[in-house]
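Heads up, the thing below is written out as C-alpha cells.
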Number of protein chains: 2
Amino acid sequence: MPKEAAGGSHRAPPVHTDPEEVSLLTALSAVADPVRITLIRELANSADWTRSCGSFDVPVGKAALSHHFSVLRGAGLVEQRDEGPKRVNRLRREEFEARFPGLLALLLADEVVGGAE
Amino acid sequence: MPKEAAGGSHRAPPVHTDPEEVSLLTALSAVADPVRITLIRELANSADWTRSCGSFDVPVGKAALSHHFSVLRGAGLVEQRDEGPKRVNRLRREEFEARFPGLLALLLADEVVGGAE
DNA sequence: CTGAGTGTTCGATGGAGAGCGAACACCAGG
DNA sequence: CCTGGTGTTCGCTCTCCATCGAACACTCAG
C-alpha cells in the first residue's frame with residue numbers, strides 16, 4: 001500500500017480533542033497509566049511550550065512515547081505545536097480542570113516523595 | 001492450623017484495604033472501569049449497608065461481579081460486611097475522600113451530565 | 001436434614017493496549 | 001544535495017484483565 005506522503009509525519013497538524021468532549025471514562029483511562037502520569041507531572045513542572053516529546057525521562061521507546069502523547073491529546077490533557085523539527089507540549093491546566101475538577105490536582109498532589117523535586 | 005473452632009460459624013472474612021495505603025495508580029485503575037463506576041454510583045445513591053452484592057444492575061455474571069467488588073475493596077472504596085447469607089456494602093466516602101480529594105466527587109458529579117457520550 | 005439463595009474460587013478464553021523494531025516523513029544545517 | 005535529529009506509523013508480540021461456566025461454601029427457612 002504505497003501511500004502518499006500527506007498524512008505521514010508530524011508536519012500534519014496534531015489532532016486535538018477539547019476537554020469538554022472527553023468522557024469521564026476516557027479521562028480516567030488516560031490517567032491510569034504510570035508512564036502518562038510521569039509525563040503529566042514533568043510537564044506540570046515545566047513552562048509551557050518548553051518541552052519536546054523526546055525530552056521526557058521515561059523508560060519507553062519513542063514509538064510507545066508517541067502513542068502516549070496521542071492518548072493524552074485524545075483526553076484533552078495536552079496540547080502540541082510544531083516548532084522546527086520538534087513538537088513542543090503544553091499542559092491544558094485550566095481547560096482540563098474545568099471539565100474534570102480536581103483530577104489534575106490529584107495527579108500532581110500525589111508527587112513521588114524522595115528528594116528530586 | 002488454628003481454626004476458629006466450635007460454634008464459630010464464620011465465613012471467609014472480606015479482605016479490606018485502608019484507603020491510606022492505596023497508591024494513586026491503584027485507585028485510578030480501579031475507577032477506570034465502566035462496571036465499577038456504575039457500582040460506585042448506585043452505591044452512592046443508597047443508604048449504607050442496604051445493598052447486597054447481587055442487587056446491582058450491571059450486565060455481568062456474578063463471578064465477574066465478585067471480582068469487581070474485590071477490586072473496589074482493594075482500592076479502599078468499598079467496605080463489606082456479612083449479614084446472614086448476604087454480603088452488604090458501604091461506600092467509604094470520608095476515608096476515600098481524605099486520601100484522594102475530589103476523586104469520588106468527580107465520579108458522582110459526572111453522573112448523567114453530557115460531555116461526549 | 002434438605003433445598004433455595006447468595007457469593008467466592010477455579011480454569012479457560014478473548015480482547016485491549018503497552019511495548020519494540022523498522023521504515024518513513026519532515027526539518028535544519030553543512 | 002546529503003546527513004543527523006525528531007516524531008509518526010505499521011506490523012507484531014506479549015501481558016494483563018474482564019468475562020463466563022461450573023463447582024464449591026455458607027446461611028437461613030422449612
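Just so it is clear, the values below take in all heavy atoms, side chains as well, and ignore hydrogens, waters and symmetry mates. Throughout, protein chains are lettered first and strands after them, A, B, ... in sequence-line order, and every chain is numbered starting at 1.
Comment: Glu20(A) does not engage Arg92(A) in a salt bridge, judged by the lack of any side-chain N to carboxylate O separation of less than 4.0 angstrom. Under 4.0 Å is where a charged nitrogen must lie from a carboxylate oxygen, and between Glu83(A) and Arg90(A) no such pair does.
Contact check, Arg87(B) against dT8(C): a side-chain N or O comes under 4.0 Å of OP1 or OP2. Side-chain N/O atoms of His68(A) include one lying less than 4.0 angstrom from OP1 or OP2 on dG19(C). For dT9(C), neither phosphate oxygen OP1 nor OP2 lies less than 4.0 angstrom from any side-chain nitrogen or oxygen of Ser66(B).
Note that the CG atom of Leu108(B) and the CG atom of Leu43(B) stand 10.0 Å from one another [nearest 0.5 Å]. Atom CG of Asp57(B) is separated from atom CG of Leu39(B) by 10.0 Å, given to the nearest 0.5 angstrom.
To the nearest angstrom, C1' of dG21(C) lies 17 Å from NE2 of His67(A). We find that CD of Glu83(A) is positioned 15 Å from C1' of dG7(D), with the value rounded to whole Å. Per the geometry, CG belonging to Leu25(B) stands 10 Å off P belonging to dC17(D), to the nearest Å. For Arg81(A) and dC26(C), the CZ to C1' distance is 18 Å, given to the nearest whole Å. Atom pair Phe69(A):CZ and dT9(D):C1' shows a separation of 17 Å (rounding to whole Å applied). The CG atom of Asp82(B) sits 12 Å away from the C1' atom of dA25(D) (whole-angstrom rounding). In this structure, CG of Leu65(B) is placed 12 Å from C1' of dT19(D), rounded to the nearest angstrom.
Contacts between residues 29-36 of chain A and DNA chain C, defined by a heavy-atom separation under 4.0 Å, are made by Asp33(A), Val35(A), Arg36(A).
No donor-acceptor distance shorter than 3.5 angstrom exists from the side chain of Arg99(B) to the backbone of Glu21(B), with no hydrogens or angles considered. No donor-acceptor pair closer than 3.5 Å links the side chain of Arg36(B) to the backbone N or O of His68(B). In terms of modelled atom types and a separation under 3.5 Å, the side chain of Arg93(B) and the main chain of Glu97(B) share no donor-acceptor contact.
The residue among Lys62(B) and Gly61(A) whose nearest nucleotide of DNA chain C is located toward the 5' end is Lys62(B).
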Do nucleotides 10-15 of chain C as a string where each nucleotide becomes B, S or -: B if the base has a protein heavy atom under 4.0 Å, S if just the sugar-phosphate does, - if no protein is that close. ------
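Taking all atoms of both residues into account, the shortest heavy-atom contact from Val22(A) to Gly76(A) is CG2-N, 4.1 Å.
Other residues, nucleotides and ligands contribute more than 12 heavy atoms inside 6.0 Å of the CG atom of Asp18(B).
Side-chain proximity of Ala64(B) to dC20(D), dG7(D), dC20(C): nearest is dC20(D). Of the candidates dT8(D), dG5(C), dT8(C), dT8(C) carries the atom nearest the Arg73(B) side chain, counting heavy atoms from C-beta on. Comparing atom distances between the Pro85(B) side chain and each of dT8(D), dA18(C), dT27(D) picks out dT27(D) as nearest. You'll find that the side chain of Cys53(B) is closest to dG7(C), out of dA18(D), dC20(D), dG7(C).
Hydrophobic clustering places Leu72(B) together with Leu25(B) (ILVMFWY residues linked when any side-chain heavy atoms are closer than 4.5 Å, directly or through intermediates).
No engagement by Ser70(A) is indicated, since no non-hydrogen atom pair under 4.0 Å with the nucleic acid exists.
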